Each structure stands twice: as C-alpha cells, then as structure tokens.
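Given the structure is predicted, the values throughout are model-derived calculations rather than measurements. Sequential numbering from 1 along the given sequence is applied to the chain's residues. Side-chain atoms are counted along with the backbone in the values below, which use heavy atoms only and exclude waters and symmetry mates.
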Amino acid sequence: MRLQCEVEVVSRLLPTCGLRGRGRGTRALLSLGRPPGRARGGGVYLMVCTARDRAGARYKVQENIERFFTRFVEEGKATVRLREPAVDVCLSKANASNLKNFLSAVRLAHQGTDIGSLPLSALVPAKTSEVEKPKTKMIITSRRDYPLTKNFPYSLEHLQASYCKLARIDMRVLCLKKLRKLDLSHNHIKQLPATIGDLICLQELNLHDNHLESFSAALCNSTLQKSLQFLDLSQNKIKALPIQFCQLRELVNLKLDDNELIRLPFKIGQLDHLRFLSAARNKLPFLPSDFRKLCLENLDLFGNPFEQPNPLVPNIQLKIPLTLLECAARATINYRIPYGCHLLPSHLCEDLEVAKTCQCGSACLSSFIQITVTMNLHHVAHTVVLVDNMGGTEAPIICYFCSLDCYSQFLDRYLQSNR
C-alpha cells in the first residue's frame with residue numbers, strides 16, 4: 001500500500017539537545033511492505049521516499065509503534081510515533097480517505113496481523129514524478145507548446161493557454177478540479193461548454209480576444225455563482241448577456257470592452273461585490289435602471305453611442321385599466337409573496353424576475369411609462385473614465401413609472417429644476 005502526502009520525520013531527542021525540527025513537511029511517498037528477498041527477517045516496514053532520498057528510509061512496524069495521533073485525520077493530517085528510532089512521522093496534505101486506509105493497514109501490521117492478509121507493496125525506490133512537488137501553474141503562449149499527447153497535471157491551479165488558435169475549450173481542461181485561474185485569451189473560441197461551471201474553485205476566467213457570441217445562462221446558474229470573481233469577455237462578438245448573468249454575485253472585476261453589446265444585464269444592480277466595470281466601445285444607447293444600485297471603484301464606458309435623454313418624450317406602455325396578470329404580478333412583488341416554479345408556470349416566474357421598479361418603489365411588469373434621464377456616473381463610481389472626447393461623465397439611464405401620477409410628479413420636479 002502506498003500514500004502520497006507531505007512528511008516530516010521529527011526526532012524526539014532534539015529537544016533534549018536544545019534543537020528543534022524545521023516545522024514543515026516534504027513531498028513524499030510512503031510505502032507499507034516487505035523488503036525484497038529475506039532482508040531484515042522479512043518483517044513489515046514503513047518506507048518514506050522523498051525527492052532528496054528516493055531510495056527511502058525504512059522503519060520497522062510490528063510492535064514498534066508507540067501511538068497514533070489521528071485527531072485531524074479528516075483534514076489529511078496524522079502522526080505515527082515510533083519506539084525505535086525515537087521519531088514521529090508527521091503526515092499532512094494527504095487525501096483523507098486514503099490516509100485512513102493507510103493508517104488502518106499500518107495498525108494491523110503493528111498488531112502482527114498475518115502478512116498474507118495485509119495490502120503490502122514492494123519496497124522499491126520512488127519515481128521522480130511520485131515525490132516531486134505537484135505542478136500548480138502552467139503557461140502556454142504558442143500552438144507549438146500546447147500539449148497534444150499528454151494530460152495536464154491534475155494539480156494545476158493556474159493555466160494560461162494563449163495564442164494557441166484554439167477553436168473550442170479542451171475537455172481535458174474541464175477535468176482540472178483545482179483550477180482557480182483559467183486564461184484562454186487570444187484564441188478562436190466561439191462557444192463555452194456548460195461544463196466550465198463544474199470547475200468549483202474557478203475564481204478568474206479570462207476569455208479576452210476570442211470569437212464568443214454569447215455567454216450561456218447555464219454557466220450563470222452553475223457553481224460559478226459562488227466562486228467567480230474576475231471575468232474578462234472583452235474583444236469578442238457578444239451582443240447581449242442573459243438575465244441570469246447577475247446570478248454571478250461574487251464578481252468583483254468585469255471586463256466587457258470591445259463587444260457589440262446593445263444593453264447591459266437588466267438586474268446588474270444585484271452584483272453587490274462588483275467594484276471594477278469596463279464596457280467601453282460597445283453599442284450601448286443607455287444604461288438599465290438597476291445601474292444606479294452599483295457601488296464601483298472604477299468605471300469605463302468610453303466610446304458608446306449614448307442617446308440624448310429626453311424626459312419629455314416618454315415611451316408609454318401603460319394599459320388602463322391594468323390587466324389581472326399585471327395586478328397579480330405587482331401584488332406578488334410589492335408584498336413579497338413567495339413564488340417559484342413549484343407554484344407558478346416557469347414563464348411567469350421569469351417575467352417576475354425581470355419586473356421593473358418605479359421611482360416610487362412599486363413594481364410594474366408590462367404596464368409602465370419609460371423615459372431616459374441623465375445620470376452623473378460619479379454617483380456610482382469613485383473613478384470614472386470619460387464617456388466621450390468632450391470630457392463628459394454623464395450617461396442616459398432608463399427610468400420606469402408604474403402610473404400617470406408617478407410620472408406627473410417626476411415631471412413637475414424636473415420642470416422646476418430646469419427653470
């Protein structure tokens with residue numbers, strides 16, 4: 001039986017000499033087995049192999065273990081205290097399940113269990129790959145260096161594969177469950193597989209300069225909701241982001257520059273942690289009403305064809321009297337009545353998710369008055385990149401009104417302030 005982990009062998013005689021152990025483990029391969037031939041009487045030994053000593057150090061097991069320390073075994077940690085020599089074999093960063101099995105086998109060998117029933121391994125020197133430190137970072141910047149015949153190391157936490165002319169995401173990448181940072185910039189990727197959402201540790205995703213035309217709702221509903229903090233979709237061909245995009249609530253930095261966006265996500269104000277937003281050089285005519293809820297450190301909306309707002313020319317979608325559906329939808333949201341697909345048809349749930357909010361705070365679904373007004377972007381961001389070459393920091397934002405009364409009150413205030 002073998003176990004890969006980090007090991008520190010600490011002599012218990014050091015304190016009596018006024019010395020201390022170095023306090024950190026070394027990547028090692030532990031083996032439980034018998035020496036080849038009849039050396040040392042053929043008993044069971046624990047062998048510890050490291051990169052510095054691949055031949056390994058052997059310790060007799062039978063009736064030679066003073067104590068097992070397994071309080072933190074669920075965290076992949078344990079200590080085996082030997083009588084001769086007087087050392088503690090401290091194990092850490094092991095797979096908890098494998099560690100339990102290994103310690104169970106060592107305990108049986110210590111108790112003198114019949115050798116034939118023990119899961120023993122040959123005590124042979126470890127291979128370099130078995131004791132070297134796991135590779136956590138790989139950077140590939142050309143097609144020539146891209147691995148075609150061998151897998152990526154499963155221990156990778158940071159992978160960059162840029163300028164590799166990739167037309168799709170390699171399925172081998174989707175098996176890297178420890179991946180925290182994935183950089184696939186400067187490729188030819190057209191579509192993202194939903195299985196990217198299975199990378200439960202992914203915090204940074206860079207897809208700058210590809211051929212993407214969309215960002216799927218499936219990704220927005222995946223485990224990325226809890227992990228993704230940085231997303232770069234700049235220099236692609238994306239025209240719109242799904243309503244579900246705002247479920248990625250851990251986002252801190254979002255880059256959308258140089259796309260073909262005609263609108264930002266309707267509920268963008270739900271991105272509570274967002275601090276850096278850039279959507280320069282798109283086709284945005286105005287900002288969604290929810291935009292005013294953001295609290296940013298840096299905002300860049302330069303080079304968008306923003307429309308000139310005119311509050312005196314409203315887009316009236318108000319239906320009087322209100323339909324039964326509209327009344328029910330407004331009541332559901334205003335009174336915070338719980339709903340879900342187990343109670344309502346899915347299309348009604350989707351409609352409720354995109355309900356508008358009037359300036360008075362009430363909800364409206366499909367019956368409303370819409371206008372655009374000017375907003376100073378410094379209201380939502382500490383640092384604002386100028387939106388045009390004229391030095392402006394203002395942009396049009398949509399406003400909704402649930403009734404003629406609400407619109408009339410706004411209009412009175414607007415006209416008074418512009419006298």
Does a sphere of radius 6.0 Å around [atom1] in [X] hold more than 12 heavy atoms from other residues, nucleotides or ligands, not counting ones at 6.0 Å or beyond?
| X | atom1 | result |
| --- | --- | --- |
| Ile243 | CD1 | no |
| Ile200 | CD1 | no |
| His378 | NE2 | yes |
| Lys137 | NZ | no |
| Glu297 | CD | yes |
| Arg263 | CZ | no |
| Tyr154 | OH | no |

Going by side chain to side chain donor-acceptor pair (under 3.5 Å), Ser278 matches just one of Asp232, Asn253, Asp257. Which one?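 The residue from Asp232, Asn253, Asp257 that satisfies side chain to side chain donor-acceptor pair (under 3.5 Å) with Ser278 turns out to be Asp257.
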
Under 3.5 Å, is there a donor-acceptor pair linking the side chains of [X] and [Y]?
| X | Y | result |
| --- | --- | --- |
| Asp198 | Thr195 | no |
| Ser185 | Asp183 | yes |
| Ser162 | Gln160 | yes |

Worked verdict on Gln317 versus Asn315 for side-chain hydrogen bond (donor to acceptor under 3.5 Å, both in side chains): CA-CA 6 Å; Gln317 301 288 330; Asn315 175 12; 3.0 Å; yes

Okay, side chain of Asn210, backbone of Leu184: is any donor-acceptor separation there less than 3.5 Å?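 Confirmed, Asn210 side chain pairs with Leu184 backbone.
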
Treating Asp300 as the side-chain partner and Val385 as the backbone partner, does any N or O pair qualify as donor plus acceptor under 3.5 Å?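 No.
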
Determine whether [X] and [Y] make a side-chain contact, defined as any pair of heavy atoms from C-beta on separated by less than 4.5 Å.
| X | Y | result |
| --- | --- | --- |
| Leu192 | Leu207 | yes |
| Glu326 | Cys364 | yes |
| Arg292 | Met375 | yes |

Only one of Leu103, Val61, Thr113 passes side-chain contact (heavy atoms from CB on, under 4.5 Å) with Leu108; say which it is.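 With Leu108 as partner, Leu103, Val61, Thr113 yield a single side-chain contact (heavy atoms from CB on, under 4.5 Å), made by Thr113.
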
For Arg249 and Gln270: C-alpha separation, side-chain torsions, deciding distance, then whether side-chain hydrogen bond (donor to acceptor under 3.5 Å, both in side chains) applies. CA-CA 7 Å; Arg249 297 195 179 185; Gln270 292 180 347; 3.2 Å; yes

Quick check for you: to the nearest 0.5 Å, what is the distance between [X] atom [atom1] and [Y] atom [atom2]?
| X | Y | atom1 | atom2 | answer |
| --- | --- | --- | --- | --- |
| Leu299 | Leu377 | CG | CG | 5.5 Å |
| Leu233 | Leu254 | CG | CG | 7.0 Å |
| Gln247 | Leu271 | CD | CG | 9.5 Å |
| Ser92 | Lys77 | OG | NZ | 7.0 Å |
| Gln359 | Ile371 | CD | CD1 | 7.5 Å |
| Leu352 | Tyr339 | CG | OH | 5.0 Å |

Worked check of side-chain contact (heavy atoms from CB on, under 4.5 Å) between Ile398 and Tyr400: CA-CA 7 Å; Ile398 290 181; Tyr400 296 103; 3.4 Å; yes

Using a strict threshold of under 4.0 Å (side-chain N to carboxylate O), is an ion pair present between Asp170 and Arg172? yes

Arg281 with Asp258: basic N within carboxylate O range, under 4.0 Å: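 Yes, Arg281 and Asp258 are salt-bridged.
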
Run the side-chain contact (heavy atoms from CB on, under 4.5 Å) check on Leu179 and Val173 step by step: do they pass? CA-CA 9 Å; Leu179 209 58; Val173 171; 4.2 Å; yes

With under 30° as parallel and over 60° as perpendicular, where do the rings of His211 and His188 fit, or are they tilted in between?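 Rings of His211 and His188: parallel, as their planes differ by under 30°.
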
Where does the angle between the aromatic ring planes of Phe410 and Phe401 fall among parallel (under 30°), tilted (30 to 60°) and perpendicular (over 60°)?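 Tilted: the ring planes of Phe410 and Phe401 meet at 30° to 60°.
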
